[in-house]
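In this text, all values refer to a predicted model and were calculated from it rather than measured experimentally. Naming convention: chains lettered A, B, ... in sequence-line order (proteins, then strands); numbering from 1 in each chain.
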Amino acid sequence: VSLTRSSKLLARWERFWFQDVPPHSYALLRILFGAIGFISVLGMTPISEFWTPGGLFSPTAGSGVRAQILSSGLGDLIGTIYFWTMLTAFAATALGYRSGTAVAVAFVGSVFQPFWNRLPLSSAHHVVVVVLFCLLWVECERVWSVDAWRGRAKAVGASEPIWPLRLIRFQIALIYLNSGLWKLTGEQWRDGSAVHFASALNVFQRFPYDPPAALDLMMTIGTYVTLAWEIAFPLLILLPWTRRLALVMGVLLHLGMAFVMELGPFSAIMIASYAAFLPPETTAKWGMRFASPARRPRVSDHGQPV
Amino acid sequence: MSASRWFISLLLVGHVVALTIEAIPPPDSAAASPEVRSPTRNAVAAALTPPLDASIPTVHRLHQLAWDGTAWARGPATWYVGLTGLGQSWRMFMDPPKYDEYLQVRYYVVNADSQAGGRIAWTAGELAFPAHREDRVRVFQSFRDSYTDKAIAMAIADSMGQRRNRDEAAIGDADAPEPLSAVAKFFSQRFAARHLMPGEAISRTEIWIARAGNRPPGSPEQPAAIRARRAVLEQYYVGPVENGPSGGQLPRNGDVFQEADLTWVLEYIHP
């Protein structure tokens with residue numbers, strides 16, 4: 001009996017991590033994160049402001065590689081090369097041109113960016129890093145890419161393992177839980193005033209008005225709903241119907257934040273990360289509707305490529 | 001299950017465990033247990049604040065347990081997360097400031113005549129932070145501005161953190177460069193390129209930071225105060241504000257001056 005039970009457990013484990021899924025989810029994530037990464041790098045221009053030592057650039061101390069580059073006078077050259085490399089890598093990632101190399105360069109470049117100049121980087125940067133890390137392990141160029149179009153990618157319709165997608169889901173859930181628990185320790189989240197104060201901050205405020213007193217109750221409810229949703233997110237994504245609720249709430253919340261506050265690419269990146277939570281079969285089927293008939297891989301009723 | 005899948009399974013478990021452990025912050029970084037408050041501004045806050053405040057000691061105990069229970073694996077987890085670049089902190093908006101913040105850069109310009117007399121020829125002040133006008137709706141340009149704002153906000157936070165460590169905990173590197181020096185250098189170079197005449201040079205750059213409290217929720221709006229502050233900011237929006245020659249003693253770190261409800265404090269002098 002115990003042997004059967006352990007075999008069943010093993011089979012479930014194998015299905016959970018190694019089930020083959022259509023490659024479309026990975027392609028969608030590649031396109032979204034490549035595009036947002038590209039826009040983010042473009043946002044950090046002019047180059048002289050964010051990439052070279054004369055700009056808003058973390059002051060140097062110590063004797064690390066960065067300090068040596070800067071003291072040798074190569075800071076401007078390296079910074080300029082760094083910028084163009086990142087811009088090219090994200091563009092190639094989005095387009096699916098030499099995707100394996102592009103994703104790897106975008107990932108390594110993003111990991112080292114805080115060491116080069118951390119000042120302009122927000123939390124959005126961390127999300128890009130964790131998603132790129134997971135995309136390193138799959139061939140995300142199999143569909144919707146220049147590589148596939150030029151026949152450089154492996155057979156269209158081939159599948160990929162689900163574990164990198166599960167790792168992205170885990171990461172996003174961890175981000176929300178972590179963020180929610182930090183918020184719980186903040187007194188303004190507990191007394192319901194956090195959304196009021198956050199939306200009143202002059203640095204982020206999109207509209208030139210302070211939150212009106214008449215909206216106080218709504219902002220209080222918004223504070224508690226956000227807190228509860230973030231902490232509950234890892235549980236909500238476990239069941240299909242609660243997952244839908246969590247994701248719809250997430251989209252509304254991030255769109256609402258983007259509407260009233262200027263947070264750079266943060267809202268777009270969080271919403272883009274939800275592509276990892278869509279069932280891969282559904283993403284594949286939706287994708288088929290937009291693909292040209294000649295290039296459509298066939299997908300079975302269960303979403304498996306055939 | 002194949003040998004390769006066993007191996008990948010092992011790596012996956014290690015990855016997930018390492019990220020989870022690294023997500024637990026040191027217990028001393030959490031705020032102290034609070035008094036249980038009873039706000040009265042609306043029914044929802046009145047109902048939920050007391051139980052949430054009362055839950056914090058339990059949260060701290062669980063936090064301490066999680067920290068202690070994972071101590072055995074923290075070394076390898078930290079190493080792995082550092083190696084893969086996946087380390088992160090999600091304290092964003094944990095405690096939103098209750099004030100608006102501004103940063104002004106002041107320049108002291110000298111020329112050949114003034115230098116001979118040991119004087120400053122003229123001075124100017126430029127509002128550097130926030131990068132946008134706050135009397136207008138922010139649309140496309142504000143996306144790019146958000147990076148400038150983030151960089152300056154980070155430099156301010158780093159500078160304040162560095163001072164706190166030095167003053168209160170007596171830790172930190174005394175020779176560590178002042179984070180605000182990046183802001184002073186960048187803006188003074190830009191100002192010199194745009195506004196100085198041949199023969200002029202910036203002899204001194206100052207960073208002034210102002211904070212003005214935001215209205216608490218439920219309290220009456222203060223249109224007069226907002227109008228007064230906007231009138232002050234308006235003059236900066238058209239570009240750096242030029243003043244005449246600086247007479248008398250130069251300001252020192254910690255000096256203050258007032259504009260409407262903005263109390264400017266001199267935080268850094270460069271060079």
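Counting heavy atoms from C-beta outward, B/Pro217 and A/Phe197 have side chains that approach closer than 4.5 Å. Contact annotation: the side chain of A/Leu181 never approaches that of B/Trp90 to less than 4.5 Å [non-hydrogen atoms, C-beta and beyond]. Inter-residue side-chain proximity for A/Phe170 and B/Leu19 is flagged as met; some heavy-atom pair is nearer than 4.5 Å. Looking at A/Lys183 and B/Arg91, their side chains never come closer than 4.5 Å, going by heavy atoms from C-beta outward. Using a 4.5 Å heavy-atom cutoff, the side chains of B/Arg41 and A/Asp216 are in contact. Taking the side chain as every heavy atom from C-beta outward, A/Pro208 and B/Arg136 never approach each other to under 4.5 Å.
Interface remark: A/Phe266 contributes side-chain atoms only to the contact with chain B (heavy atom separation under 4.5 Å). Looking at A/Leu174, only its side chain comes within 4.5 Å of chain B, counting heavy atoms on both sides. At a 4.5 Å heavy-atom cutoff, the contact between A/Arg118 and chain B is made by backbone and side-chain atoms alike. In this structure, the portions of A/Leu184 lying under 4.5 Å from any heavy atom of chain B include both its backbone and its side chain. When heavy atoms are compared at a cutoff of 4.5 Å, A/Tyr176 does not approach chain B at all. Both the backbone and the side chain of A/Pro212 come within less than 4.5 Å of a heavy atom of chain B. Interface residue A/Phe18: backbone and side-chain heavy atoms are both found under 4.5 Å from chain B. Interface residue A/Pro46: backbone and side-chain heavy atoms are both found under 4.5 Å from chain B. No part of A/Pro114 comes within reach of chain B, as not one of its non-hydrogen atoms sits under 4.5 angstrom from that chain. The contact between A/Leu167 and chain B is made entirely by side chain atoms (from C-beta outward), counting heavy-atom distances below 4.5 Å.
Between B/Lys185 and A/Glu49 there is no salt bridge, since none of the side-chain N atoms of the basic residue sits less than 4.0 Å from a carboxylate O of the acidic one.
Relative ring orientation between B/His15 and A/Phe133 is described as parallel, the plane-to-plane angle staying below 30° on a 0-90° scale split at 30° and 60°.
Counting heavy-atom pairs closer than 4.5 Å to chain A, the top residue among B/Phe129, B/Phe186, B/Tyr99 is B/Phe186. The residue among A/Ser40, A/Ala11, A/Ser110, A/Gly180 with the most heavy atom pairs within less than 4.5 Å of chain B is A/Ser40.
Within the 3.5 Å criterion, the main-chain N or O of B/Thr49 finds no donor-acceptor partner in the side chain of A/Asp191. Looking only at distances, no side-chain donor or acceptor of A/Glu262 sits under 3.5 Å from a matching main-chain atom of B/Ser146. Side chain of A/Arg190 to main chain of B/Pro50: no donor-acceptor pair is present (N/O by atom type, distance under 3.5 Å, no hydrogens or angles). At least one donor-acceptor pair under 3.5 Å links the side chain of A/Trp189 to the backbone N or O of B/Phe93.
Inspection of the A/Thr220 and B/Asn42 side chains reveals an N or O donor paired with an N or O acceptor under 3.5 Å. At a cut-off of 3.5 Å, with distance as the only test, a side-chain donor of B/Ser9 or A/Trp13 sits close to an acceptor on the other residue. B/Glu101 and A/Asn202 share no donor-acceptor pair across their side chains, judged by distance under 3.5 Å alone.
In this view, B/His132 and B/Arg138 satisfy the side-chain hydrogen bond (donor to acceptor under 3.5 Å, both in side chains) rule, not counting sequence neighbours.
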| How far apart are the C-alpha atoms of A/Asp210 and B/Arg215, what are their side-chain angles, what is the distance that settles it, and do they pass the salt bridge (charged side-chain N to carboxylate O under 4.0 Å, His left out) test? | CA-CA 9 Å; A/Asp210 280 340; B/Arg215 178 179 63 78; 5.5 Å; no

